[in-house]
Amino acid sequence: MNEKQNYYFEKLSLGTCYYPEHWEESFWQTDLRRMKENGIGTVRIAEFAWSKFEERENEFSFQFFDKFMETAAKEDMRVIFCTPTATPPAWLTEKYPEVLNARKDGVLIRHGMRRHYNYNSPVYRQFAARITEKLGEHYGQHPNIVGWQLDNEFNCETDVFYSESDSIAFRVFLREKYGTLQELNRAWGTVFWNQTYTDWEEIFVPRVTYSDSANPHLLLDYYRFISASTLSFCRLQADILRRYVKPGDFITTNGIFENMDNHKMEKESLDIYMYDSYPNFAFGMNRDPKHAEDLNDRKWSRNLTEARSICRHFGIMEQQSGADGCVHSLCAPSPKPGQMTLWALQSAAHGADYVSFFRWRTCRFGTEMYWNGILDYSSRDNRRLEEVRSLYEKFRRLEPVTGSEFLADVAQLKDYDNLWDAKVDRMHARLNEISDNGIFRAAQLTHTPLDYVYLQADTELADLTKYRVLFYPHPVILTQERAALLRRYVEQGGTLVFGCRTGYKDENGICVGELLPGKVRELTGADVYEYTVLGPGDDPVCIDAGGETMKAEYFCDLIRPLEDGIAAGTYLSDYYRGQTAMTCRRLGGGTVIYYGSTFPCGTAMALLKRLGAAEPWRGRIQVPAECELVVREDRSGSRYFFVLNYTKSVQTVSLGCEMTDCFEEKPASGNVSLEPYEVKVFRY
Ligand code: GAL
């Protein structure tokens with residue numbers, strides 16, 4: 001039995017997703033050779049190929065993939081093998097319909113797409129365990145295999161489950177959590193609107209109700225339950241495979257989706273995390289132009305920041321290589337020359353040491369026939385394959401960046417209780433939307449590298465003291481333990497910034513009766529004595545923060561500084577004109593700021609500047625707002641400044657000292673131009 005490990009790639013490398021079952025056997029060898037000639041050394045296979053192993057119930061055959069593995073061995077190609085549980089076969093779902101997911105109204109989700117199963121069906125768990133076991137047994141020791149992918153994109157397609165098995169498992173989950181119905185009724189406030197339960201059998205996962213709205217405390221537990229179900233299904237497979245895989249081979253899965261604690265999943269089941277990066281979604285034709293954001297594909301850096309929060313040195317299992325489009329949705333344009341490289345280097349800059357393109361060749365049939373791979377249907381040479389080849393050369397030059405640290409002094413704190421509460425509570429969701437966008441955008445435009453840190457049961461002080469400034473925008477749910485940890489961070493010299501609505505709910509999502517902001521009232525030195533949403537009819541509200549004007553968006557907390565707190569900002573209008581909008585408290589070596597509203601970009605930028613955290617690299621390199629700057633540091637102390645030009649025009653950076661242009665391998669100084677979509681990396 002292999003132990004769970006932390007897996008690291010030895011050097012930046014390229015891969016691709018390959019589907020032997022989509023092509024005639026005569027293609028395989030030519031394809032693999034051509035991949036290798038162009039710098040691709042790893043393929044991922046078999047994630048949707050269950051019927052190739054078990055064509056009928058309990059009739060196993062490995063011939064097809066054995067043959068492919070022979071070709072892979074001949075061509076010295078590394079392989080990531082997958083469990084095929086994202087697409088159960090038709091024979092299985094027809095004979096055992098209880099394995100299917102259902103809509104809220106009970107209608108079953110049928111065969112014909114993918115991910116139509118539910119995690120809690122004992123029958124599906126048995127079938128999934130058996131196919132995993134068979135594949136582990138048969139392929140576990142294969143010398144060309146380097147790693148295993150579990151399933152494919154847990155919680156993609158859907159992240160809600162309403163089958164009968166889910167309700168049964170939900171009851172077990174709740175019994176374990178609450179012990180008695182009396183306790184559950186209390187935790188869910190079921191006395192409201194006469195929702196009291198008198199038998200466990202009366203409890204279900206959410207069902208059809210008016211306004212599509214269920215008891216909010218039940219919903220919060222439901223999201224926790226979905227997460228637990230997903231993690232348990234993933235763990236089931238990981239535990240089986242660990243008995244068979246070769247020492248040193250990794251177990252992973254791909255994508256980051258909602259309603260699951262990705263961090264916990266990585267900790268308990270995976271050796272490395274892999275993300276799937278599709279920045280071209282930003283240019284999809286079915287996006288609403290009203291909501292088009294100017295960060296576009298650059299916004300994918302936010303997802304990559306999420307990936308880095310799970311696993312600092314991760315992989316990209318699927319990286320955009322062509323236009324996207326399914327037959328049931330409109331298509332996006334083909335990546336412009338340079339964009340494919342830009343997006344792959346965006347991944348590498350943020351911490352990916354392995355980048356695998358989706359997919360080698362566009363499929364000629366099926367739902368995704370417009371989801372382009374590197375090659376088009378005909379296989380002819382094209383500019384995308386050329387980009388792969390030249391990216392390989394770039395990766396060679398960036399080898400020392402492998403495993404190097406992403407440098408950031410500022411982080412945003414997050415946690416799953418609050419993420420899930422925001423799924424239940426529209427007001428909380430709106431606050432997060434404004435502040436998450438605002439903080440990310442402000443950090444991007446001021447070239448202030450940003451990390452996300454998820455507060456978890458095992459988060460330690462050292463995980464926080466790495467950062468000089470922490471934003472915890474709207475921790476609506478805030479426990480005593482978290483408040484104590486944050487206090488220690490401040491005492492050690494950190495700067496902590498809270499936004500409005502901090503601390504007004506308990507872990508069940510019930511509003512606290514304490515004075516606000518609840519568990520951090522004393523820590524912040526702020527007394528929130530009144531609050532209001534800003535309605536569409538309200539005039540805009542501004543805050544004077546020591547000579548600087550900030551806009552209060554969506555929400556206002558009215559504050560009185562407590563004895564240790566100092567007023568640091570004042571409302572300029574409405575009935576609260578002159579009242580405190582922001583407080584500041586010094587404690588030990590650190591500072592706590594309570595800002596009574598949200599953090600749109602302008603506010604976040606002003607705060608970053610005021611705290612001396614904005615543009616930390618300005619002395620070394622000046623980058624226009626249109627480009628992203630990422631800074632990495634290797635073990636020898638060399639720093640790598642990645643500058644990514646997402647625009648279609650030439651951009652100019654200015655170097656504050658002589659550096660080395662890593663791709664050109666020559667000195668660079670003064671003003672340096674970047675072509676449209678170009679990436680440059682400077683070493684210093
Ligand atoms: C991912 C998925 C792939 C493919 C790709 C393009 O979500 O893992 O199988 O569907 O998107 O749509």
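Atoms within a ligand are numbered from 1 in the order they appear, just like the ligands themselves. Start at 1 with the first residue, then count along the sequence. Predicted model, so just to flag it, every value in this text is computed and none were measured.
- With respect to the salt-bridge test (charged N to carboxylate O, under 4.0 angstrom), the residues D376 and R361 do not qualify.
- Side-chain rings of F281 and F283 stay apart, their centers remaining 6.0 Å or farther from each other.
- Using a cut-off of 4.0 Å between Lys/Arg side-chain N and Asp/Glu carboxylate O, D261 and K267 are scored as not salt-bridged.
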For each nitrogen or oxygen atom of ligand 1, which protein N/O atoms lie closer than 3.5 Å, and how far apart are they, rounded to 0.1 Å?
| residue | atom | partner | partner atom | Å |
| --- | --- | --- | --- | --- |
| ligand 1 | 7 (O) | E153 | OE1 | 2.4 |
| ligand 1 | 7 (O) | E153 | OE2 | 2.9 |
| ligand 1 | 8 (O) | N152 | ND2 | 3.0 |
| ligand 1 | 8 (O) | E153 | OE1 | 3.1 |
| ligand 1 | 8 (O) | E153 | OE2 | 3.2 |
| ligand 1 | 8 (O) | E318 | OE1 | 3.1 |
| ligand 1 | 8 (O) | E318 | OE2 | 2.7 |
| ligand 1 | 9 (O) | R114 | NH1 | 2.9 |
| ligand 1 | 10 (O) | R114 | NH1 | 3.2 |
| ligand 1 | 10 (O) | R114 | NH2 | 2.9 |
| ligand 1 | 10 (O) | E368 | OE1 | 3.2 |
| ligand 1 | 10 (O) | E368 | OE2 | 2.4 |
| ligand 1 | 12 (O) | E368 | OE2 | 2.7 |

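- With salt bridges taken as basic N to acidic carboxylate O contacts below 4.0 Å, one links R430 and E433.
- Taking the charged nitrogens against the carboxylate oxygens, R33 and E37 have no contact shorter than 4.0 Å, which rules out a salt bridge.
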Evaluate the salt bridge (Lys or Arg N to Asp or Glu O under 4.0 Å) criterion for residues D381 and R34: first the C-alpha distance (whole Å), next the side-chain angles of each, then the deciding distance (0.1 Å), finally the verdict.
CA-CA 10 Å; D381 276 341; R34 208 159 157 214; 2.9 Å; yes
